[in-house]
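Here the structure is laid out as C-alpha cells; the discussion comes afterwards.
This is a predicted model, so every value here is computed, not measured. Chain naming here is simple, since letters A, B, ... match the order of the sequence lines and numbering starts at 1 in each.
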Protein chains: 2
Amino acid sequence: MSKNSSTTIQTVGRIANILRCFTESEADLGVMQISRETGLHKSTTSRLLSALHQEGFVEKSAETGKYRLGLGLVNLAGVVLERQNLHQAAQAYIKSLAEFTQETINISILDGEECINVESIHSPKSIRYTGRLGRRTPLHCTSTGKVQLTYMSPEQRQKILSQPLGAYTQHTITDPITLRIALAAVCDQGYAISNEEFEEGLVAIAAPIYDHTGEVIAALSISGPTYRMDSNTLQEFALPLKDAAKMISGQLGYIS
Amino acid sequence: MSKNSSTTIQTVGRIANILRCFTESEADLGVMQISRETGLHKSTTSRLLSALHQEGFVEKSAETGKYRLGLGLVNLAGVVLERQNLHQAAQAYIKSLAEFTQETINISILDGEECINVESIHSPKSIRYTGRLGRRTPLHCTSTGKVQLTYMSPEQRQKILSQPLGAYTQHTITDPITLRIALAAVCDQGYAISNEEFEEGLVAIAAPIYDHTGEVIAALSISGPTYRMDSNTLQEFALPLKDAAKMISGQLGYIS
DNA sequence: TTAGGGTGTTGCGTATAATGCAACAATGTT
DNA sequence: AACATTGTTGCATTATACGCAACACCCTAA
C-alpha cells in the first residue's frame, strides 16, 4: 500500500510519506521496509533517510542499523505546543481534575477534520485510556470531537457531516441527522459525551475551551472505562469539567 | 545569516532550515522573512512552504497569510516520545516531586552533544524556570547536562570536553580540568548541581535515570531561582530527587 | 485618487540535482 | 558454503526543482 499525497514538490511528499511510516507499533524500520511501504526505490530511500538523519529528523540505531524518528521532531513540536498558551494555562487545572477524577485527562484541538491531542495526564489506574500526545481522533464519535463540531462554523460542519461517518463501534452515530440532534444537546448542556462510540468500553466527556476572542479553540476531556464512567459518575464529573474548562478559558483571556 | 548543513539531498536540508526558522519568539513568518533567513529564492521558499503546508508540517494563517509550524510535527513527535517509556513511567513521580518542591521539574535526554527536554512540570510560582518540551540545552553548564556527561562513555566525554566550552555566565565552568573534577563529585554524590552556570539567577539539581540495561538514559532535575534554591534547600531536595529518579528507573526495569 | 514599496504566487525554459541502475559490501539463514 | 536479503555508492540520464520575470495584492502615503 503506497501512501500518496500529490505535492508541488516531490521530495517534500516523499519525506512526509517516509516519516509517516513510523508508528508506535512500528517504531524501528529498515530501508527496505520503508522502500516497500512508500514505493520508492531502495537507493532513493536510503539517501533520503541518510539526509533526514543528518538533520536530526530520524535516528539510526547503531546496533540494528534501523531507523527511527528523531528528537529533532520533538524540538519543532515544542515550538508548536508552546505557541498555544494552553500548556501553561491548563496545567494546574488539569492536574487537579486528574486528581479528583482519577481518570485520564486530555486536551485536544481541531486540525482539519480531526482532533489532535496536545495535552494529556494519564489515569493512575491500570485500566485506562491513554491518549498520547499528537494522537489524532475522528470528530463524529469522540467527546472532544463533538465539542469541536458543535462550535465550528456551520459551513465546516456541513462539509464534514456530508461525508460518510465511519462506524468505529456498534454505538457510533453514523447518521448525520441523529448526530446533529446530539450536537444541539451539547450546545445546551455545555459538554459532550461519547459512550463507546469510538472504542468499545471507552466513555468520555468533554467541554469547550475558549480563547480571548471567544472562539472555541480546544476541548478538555475526561476518559475512562465504561464500568467506572456510569451515568452517575458522568453527572458528577460534568460540573468540575466545565469549571476547569472555564478556568482555563479565563487564563486565555476569555470573559464569559 | 544563512544556516547551512551540507546534506546529501539538497531539499531535505532546505526543508530543515526552513522549519528551524520558526521559534517561540518568531512563531509566524512570511515567505520573504524565511527567504532572507535561509538565503533561498523567494519563489523556491514559497513553493517549499506550500508543499510543507500540504503535508501538515506548517500551517498558513488565513488572516495574515503568514506561516507557522503545523500540528503534523506534534503528531510525529508523539511517536518519538511514546517510544521512551519515560513519559508513563515518570508521571506520578515527577508530579509528587513538583508538589513537594514547588519548583520546575524537567526530564531531559542526551541528543548528540546537547540535552533535550522531554518532560516538564512548571513551578506554580510566578518566578520560575520554564523548560519547554523539546528545548535544547548545553551539557557542560546545566545540571542535567553534567549528569549526562558523568555517565556517558569516556570517548564521548573526551570528545566534548576537548572542544571549547562556551561561557554562558560568569559562573560557567569553561576549564575542562575543573569540569572533570566536578563530574567526579557528581559520580560520588549521585547528583549534579548547576549554580548559575547556564543562566544568571538559575540554580538546578539533577539525578540520573537508568533503564533496564543499567545505562543512564535521562536526567531528572529541579530548577528554580537562586534565592529559593540556596544550599540548604538543595540539600533538602537532593534525597527526594534521587529517590524519584530511582523509582522511575525502577519502572523502566532497572535493578539497583 | 494614484503612485509606490513591499510581499506572495505562478508559467516557462533551463540546468542542476535527485534518480534508478547495477555492482558491491555486509549481514543473516538454510 | 551457498544463498537470500539488506544497505550503500559511483555513474550516466532525465526528470525535477530552480530562478527569472511578470503578475496580482496588499498596504501606506502623497
Report task. Mind telling me whether B:His140 and B:Tyr168 have parallel, tilted or perpendicular rings, with 30° and 60° as the class edges? Result ->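 Geometry flag for B:His140 against B:Tyr168: tilted rings.
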
**Report entry** Partner of A:Leu73 by side chain to side chain contact (heavy atoms under 4.5 Å, CB included), out of B:Leu81, B:Leu73, B:Leu19, B:Asn75
**Finding:**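 Passing option: B:Leu73.
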
Query raised in the report: Among B:Leu86, B:Thr144, B:Ile209, which residue meets the side chain to side chain contact (heavy atoms under 4.5 Å, CB included) test with B:Ile109?
Result: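 Answer after filtering B:Leu86, B:Thr144, B:Ile209: B:Leu86.
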
Could you tell me how far apart [X] ([atom1]) and [N] ([atom2]) are, to the nearest whole angstrom?
{"X": "B:Ile34", "N": "C:dG6", "atom1": "CD1", "atom2": "P", "answer": "19 Å"}
{"X": "B:His41", "N": "D:dA22", "atom1": "NE2", "atom2": "C1'", "answer": "12 Å"}
{"X": "B:Met32", "N": "C:dG5", "atom1": "CE", "atom2": "P", "answer": "15 Å"}
{"X": "A:Leu40", "N": "C:dC21", "atom1": "CG", "atom2": "P", "answer": "13 Å"}
{"X": "B:Asp28", "N": "C:dT7", "atom1": "CG", "atom2": "P", "answer": "16 Å"}
{"X": "B:Leu29", "N": "C:dG6", "atom1": "CG", "atom2": "P", "answer": "19 Å"}
{"X": "A:Leu48", "N": "C:dA18", "atom1": "CG", "atom2": "P", "answer": "9 Å"}
{"X": "A:Lys42", "N": "C:dA26", "atom1": "NZ", "atom2": "P", "answer": "15 Å"}

Report task. Give a yes or no answer on whether the side chain of A:Asp211 reaches the backbone of A:Gly214 with a donor-acceptor pair at less than 3.5 Å. Result ->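 Side chain of A:Asp211 to backbone of A:Gly214, a donor-acceptor pair under 3.5 Å: yes, one is there.
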
Distance below 4.0 Å between [X] side-chain N/O and [N] OP1 or OP2:
{"X": "A:Ser50", "N": "D:dT8", "answer": "no"}
{"X": "A:Ser43", "N": "C:dT19", "answer": "no"}
{"X": "B:Arg14", "N": "C:dA17", "answer": "no"}
{"X": "A:Gln10", "N": "D:dA17", "answer": "yes"}
{"X": "B:Lys60", "N": "C:dT9", "answer": "yes"}

Report task. Tell whether A:Thr44 reaches the base of C:dG20 with its side chain through a donor-acceptor pair below 3.5 angstrom. Result ->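 A donor-acceptor contact between them is absent.
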
Query raised in the report: More 5' along DNA chain C: B:Arg47 or B:Val31, using each one's nearest nucleotide?
Result: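 First, find each residue's nearest nucleotide; the 5'-ward one identifies B:Val31.
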
Query raised in the report: How about A:Glu119 and A:His87: does a side-chain donor come under 3.5 Å of a side-chain acceptor?
Result: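 There is such a pair between these side chains.
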
Query - Touch class at under 4.0 angstrom, heavy-atom based, for B:Thr11 against every strand present - result: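 Touches sugar-phosphate only.
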
